[in-house]
Amino acid sequence: MLIPIYLSIPRYIMLNNTMFSVNQIRQEFPLLQKQFCFFGGKKGSVVYFDNAATTQKPKQVIDAMVAYYEEENANVHRSLYTLGEIATRKYEQSRKIIAKFLGAKEKEIVFTRGTTESINLVASTWGKRFLSSGQTILLSEIEHHSNLIPWQMLAKEKNLQLKFLPLGENGALDIQNIESFLQDNVGLIAITHASNVLGSISPVEKIISVAHQKKIPVLLDGAQSVPHIGVDVQKLDCDFLAFSGHKICGPTGIGVLYAKEKWLQEMPPYQGGGDMIASVWLDRAIYNEIPFKWEAGTPNIAGAIGLACSIDYVSSLGMENIHTHEKSLTQYAISRLKDIKGLKIFGTNQERVGLVSFCLEGIHPHDMAQFLDSRGIAVRAGHHCAQPLMRKLGIPATIRASFYFYNTIEEVDFFIQSLQEAKEFF
Ligand code: PMP
């Protein structure tokens with residue numbers, strides 16, 4: 001007898017030799033328990049497939065932030081009273097947790113507002129100091145606007161060239177000719193570690209190794225990799241890594257820039273103000289030591305505490321377990337999507353994170369997203385902040401379903417069934 005593929009996919013993940021159930025994990029996410037009234041009148045819980053945009057938050061993370069405000073709220077650093085000391089300890093403990101998660105030193109972790117600000121910080125500080133007229137920044141054709149516009153702005157200001165690693169057939173980066181790209185006085189390579197449109201994981205080990213042979217630093221946009229596959233910056237040896245808290249079950253408004261200590265020691269400050277200084281005169285200042293030099297003003301203390309809690313949360317599940325679960329869901333979703341006539345998937349690379357982008361003949365992605373919403377399914381439809389990639393693919397938009405560890409096979413089944421209903425509806 002033929003066993004349907006989905007029956008062979010585990011609904012439970014092995015964790016430290018104990019089984020844990022996705023359904024149990026879901027209980028820890030208040031939003032996943034909530035009943036909504038969707039457009040068109042359907043009532044029920046949401047099937048949340050927009051995790052590449054932002055993830056849901058477990059109660060632990062929400063509670064950690066509430067606890068800070070209810071019990072520990074004070075400004076950090078330079079406080080000469082107990083409460084201030086507690087808040088400072090919590091804030092710096094968060095940096096320690098994040099550093100350990102990435103395999104970095106504490107002083108290499110700079111708190112920012114998110115991936116976008118982290119990349120802008122590097123462009124505005126490192127880029128201004130270390131890149132000079134005539135040099136090239138090597139990006140790729142699949143970048144999110146966050147890892148494109150800051151470099152366009154810098155290129156204009158400093159008369160730099162931008163070049164782009166091409167998109168390969170299966171949705172991964174084509175790096176066959178990377179050596180030839182590196183002939184062009186490349187001062188920096190800045191690429192996405194995992195595509196938010198195609199799901200493909202970039203061959204960053206190879207890129208970093210080739211780049212470093214030529215002493216070219218590499219920045220990774222880790223917005224879609226850190227939450228889904230984890231990143232060890234020492235193993236990868238990247239020079240910079242940017243990610244956002246809200247995509248890893250943490251709060252919005254907090255993110256991280258990891259930068260190698262050797263670069264942080266040399267980079268000029270980003271914003272000026274309190275906390276980033278050691279001594280100030282009317283006409284000059286001595287800047288604070290790293291990483292505080294890049295954290296001007298009162299930081300997002302609750303955000304850092306929430307992010308550290310979310311990192312503890314995903315670490316307790318295990319990044320490998322998370323990746324395995326997402327991979328199963330994605331493989332299953334792709335296998336079922338392939339059966340839908342007129343449906344085209346963009347990005348078939350095997351090495352991927354848990355998302356799938358597609359178009360369905362005759363139905364505009366925006367109409368499809370609204371139809372799915374009426375069934376209680378949240379997906380994203382649009383250009384996903386990657387307009388150059390959309391142009392390359394020759395389409396205005398895709399529908400993107402993106403998964404996380406709390407999504408289930410049953411949700412994917414319902415999604416597929418709803419897509420089939422949409423075909424009849426339109
Ligand atoms: N890069 C990638 C690959 C992303 O997916 C995103 C978010 N969609 C970003 C950068 C920007 O992240 P944020 O808006 O949190 O700064």
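Atoms within each ligand, like the ligands themselves, are counted from 1 in listed order.
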K.L.:
Could you check whether atom CD of Glu361 has more than 12 heavy atoms from other residues, nucleotides or ligands sitting under 6.0 Å from it?
P.N.:
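Not buried by this count: 12 neighbours or fewer within 6.0 Å.
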K.L.:
Hydrogens and angles aside, do Ser200 and Ser195 bring a side-chain donor and acceptor to less than 3.5 Å of each other?
P.N.:
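Absent: no donor and acceptor within the cut-off.
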K.L.:
Pick from Asp184, Leu131, Ile189: which one makes a side chain to side chain contact (heavy atoms under 4.5 Å, CB included) with Thr136?
P.N.:
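Among Asp184, Leu131, Ile189, the one meeting side chain to side chain contact (heavy atoms under 4.5 Å, CB included) with Thr136 is Asp184.
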K.L.:
Is there any ring-ring contact (aromatic ring centres under 6.0 Å, His included) pair reaching into residues 171-195, and which pairs are they, with sequence neighbours excluded?
P.N.:
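Listed by first then second residue: nothing to list.
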K.L.:
Between Lys90 and Glu71, does any side-chain N to carboxylate O distance fall below 4.0 Å?
P.N.:
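A salt bridge is absent here (no side-chain N lies under 4.0 Å from a carboxylate O).
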K.L.:
May I ask you to check whether Phe358 and Phe346 place their ring centres under 6.0 Å from each other?
P.N.:
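When the ring centroids of Phe346 and Phe358 are compared, they turn out to be at least 6.0 Å apart.
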K.L.:
Which protein residues have a heavy atom closer than 4.0 Å to any atom of ligand 1, listed by chain and number?
P.N.:
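Residues near ligand 1: Thr115, Thr116, His144, Ser146, Thr192, Asn196, Asp221, Ala223, Gln224, Ser244, His246, Lys247.
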